[in-house]
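Each chain gets a letter, A, B and so on, in the order its sequence line appears, and its residues count up from 1.
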2 protein chains.
Amino acid sequence: MIRRRRRVTIADVAEVANVSAMTVSRVINNKDAIKPETRQRVMKVIDELDYAPNHIARSLTGSRSYTIGVIVVDIANPFFAEITAGIETVAWQHHYNVILCNTQEDPRRERQVMRMLEAKQVDGVIVCSTRLADDDLPRLLEMFPACLLFNRETTAKDANVVMLADAAGIVRLVEHLEAGGRRRLGMIAGGSRSHSAQARLDGFRSATNGDDALIEHIETAHIHTGFRAAQTLLARQPDLDGLVCHNDLAAVGAMQACMTHGKSVPGDIAVVGCDDIPLASLISPKLTTLRVDRRVLGELIARNLFAHIDGEQPTRRQVIRHQLVIRDSAP
Amino acid sequence: MIRRRRRVTIADVAEVANVSAMTVSRVINNKDAIKPETRQRVMKVIDELDYAPNHIARSLTGSRSYTIGVIVVDIANPFFAEITAGIETVAWQHHYNVILCNTQEDPRRERQVMRMLEAKQVDGVIVCSTRLADDDLPRLLEMFPACLLFNRETTAKDANVVMLADAAGIVRLVEHLEAGGRRRLGMIAGGSRSHSAQARLDGFRSATNGDDALIEHIETAHIHTGFRAAQTLLARQPDLDGLVCHNDLAAVGAMQACMTHGKSVPGDIAVVGCDDIPLASLISPKLTTLRVDRRVLGELIARNLFAHIDGEQPTRRQVIRHQLVIRDSAP
DNA sequence: ACTTCCTATGTTAACGCTAACATTCCTTCT
DNA sequence: AGAAGGAATGTTAGCGTTAACATAGGAAGT
């Protein structure tokens, strides 16, 4: 079915330039000594024939495929889309391409994707928020010459890790609320499967006294789930004066619930979110939240991976702290 | 630098199973006749050695690389991120991977990216909203066995095209406004470089009488640029009772400008946007706008490309219509 | 002049796989 | 029994590139 147009090969160039294939290869790769005159002649032919090296063949002989894999749970999620943008930028700077794999939170698919990437001989993988079990992960990651895990710890050898300091971020939010005089804080916590939800919850527990009656869980964090959770929580704990939410969407819902409950934000109760999505600064009152520059985060992640690929001593474990964004909902 | 662990090859399997490499290849590919007994034996060895075919080598001999390229101007833009998610889903169904390339609106980079993808022997490319000039595009696209252009026409041979019916969508918005009794409509039009901005403007001009005094241009469509443009327009045309905006962000800004101007939405003036971003249904008044299911659009785009790759007669030109989403800002 | 030692280039084989052709060994038919 | 034909498997070569080794030719030293 696929009809590929015949490509110009090194052999073609060699014939026209009247040298051996190896000489052409050397010219292309700037390797060994080549007489300037020969180099020029070869270059001219390359130009005339519009020759470009076949990367597939190169990958077969050489040690590199100049391709990395990026595995995300959902590329349609702006969080991962922006990280991916950052990764792609750095990859391109290193003359690399990115094979993007969306797992849709399915660990089985994640496993298949990894095997496929290995079969395609990628030089490294970046795995964002994997849903794979601890006992599966190391074996899979160790297939790759280099790998980097975002927001997940692992025992795999040679795996670098970049973590968001979710717990620390929530601690800062709590401290900010307490500095503002808030004394009775509740939390709307996220789904149990996700690493960050667990970390944020841990942060809240360690910063407060961790009374479980002050915590309400939601499986997926959206405006309406945040709304309902806040309603439940406020019914149970009417005297709350601060509310920490797993993310901004939940916080938006929670604010609406507070107002429905006759509590003004931030007058009667302060509400904070996490992530600083665009909506956070567009609603009223504007939301106090945590921010990370996700594009820069992606660049940092990619740089860490390429350090590994290039054999430099990469940072085994890097922790990225959130920035506290103070707005009207918790001034 | 890169140390790849030695892979199990067909030769290894062949040796252990005591057959020729070709027989193993046949078993893997379900080709030709194989004695059931032999097949079983080979399968067992494949399983024991955990053999997986090397896709790079396959690509070199075979006609397919089982990889497509997706070129977008900005993957961090949710519009393209969701389309990409749809594309990836379908690609995976076809046992394909996606090389994602972000061009950041730079035509030079786009050209380089295409050459790279060709060198990596992708079986097809999807190009979203290219910024390349008409005289460059065909030559580049014709390098690929299959290609699909989103939101851009071209004279390239064998290029399929999927277009959004932007103009028709705006016409429908205008008709909706007029059906609601609005008589004097203005427009905030988008940047000149983008195809869709041009199409939306054309739609507006053809549906109204196209008085240029009623149109205000912004280079990049954001809330604040929409706000400013609406202010300028309202100062010039105080009696407007309907405002069509290039996209939702601009519309949000425009609504704010209307209110600043003492005009209520939708009482005094109706405002409509385009794209149906999440914010559209979250602000007050909720925004009337045009919607396209972007994930489904991505799936459709990918299916079109794979039809081409698989040699079926693909649809040369497909036009996708928006759906009118009527909300409070223009009921 | 002869060895030595670079510099510039060539030759061969291999990467892992499969297309294309070749061979072997049955079965079936006359 | 011998021919014919199909099923099962093997052999060879090639995809485009580069690593590794081989060779030619010239400059320099003795």
Would you say the side chains of A:E299 and A:T89 form a donor-acceptor pair under 3.5 Å? no

Has A:T38 got a side-chain N or O lying under 4.0 Å from the OP1 or OP2 atom of C:dA8? no

Atom pair distance, as rounded to whole Å: CG in A:D32 and P in C:dT7: 11 Å

Using a 4.0 Å heavy-atom cut-off across all strands, classify A:I56 as base, sugar-phosphate, or nothing. nothing

Calculate the interatomic distance between A:Q121 atom CD and D:dG16 atom P; express it in whole Å. 19 Å

Starting at atom CG of B:N18, determine the distance to atom P of D:dT9, rounded to an integer number of angstrom. 12 Å

Under-4.0 Å salt bridge between A:E37 and A:R41: no

Does D:dG10 have its OP1 or OP2 closer than 4.0 Å to a side-chain nitrogen or oxygen of B:T23? yes

Is it the case that the side chains of A:T67 and A:N97 hold a donor-acceptor pair, with the cut-off being a distance below 3.5 Å and no angle test? no

Would you indicate whether the side-chain heavy atoms of B:V72 and B:F150 approach each other to under 4.5 Å? no

Closest non-hydrogen atom pair, B:R295 against B:A85: NH1-CB, 3.7 Å

Is A:R6 paired with A:D12 through a side-chain N to carboxylate O contact shorter than 4.0 Å? yes

Side chains of B:T130 and B:I71: does their closest heavy-atom pair fall under 4.5 Å? no

Please report, rounded to the nearest Å, how far the P atom of C:dT7 is from the CD atom of A:E37. 18 Å

Minimum side-chain heavy-atom gap B:I68-B:I309 below 4.5 Å: yes

Between B:E15 (CD) and D:dT9 (P), how many Å, whole number? 19 Å

Might you list the N or O atoms of the protein lying below 3.5 Å from N or O atoms in nucleotides 15-19 of chain C, with each pair's distance?
| unit_1 | atom_1 | unit_2 | atom_2 | d |
| --- | --- | --- | --- | --- |
| C:dC17 | OP1 | B:Y51 | OH | 2.4 |
| C:dC17 | OP1 | B:N54 | N | 3.1 |
| C:dC17 | OP2 | B:I10 | N | 2.6 |
| C:dT18 | OP1 | B:N29 | ND2 | 3.2 |
| C:dT18 | OP1 | B:R58 | NE | 3.0 |
| C:dT18 | OP2 | B:S25 | OG | 2.7 |
| C:dA19 | OP1 | B:K31 | NZ | 3.1 |
| C:dA19 | OP2 | B:K31 | NZ | 2.8 |

Might you point out which heavy atoms bring A:P107 and A:R131 nearest each other, and give the distance in Å? CB-O, 3.9 Å

At 10 degrees resolution, what angle do the end axes of the helix from C:dA1-D:dT30 to C:dT30-D:dA1 form when each is taken over five base pairs? 60°

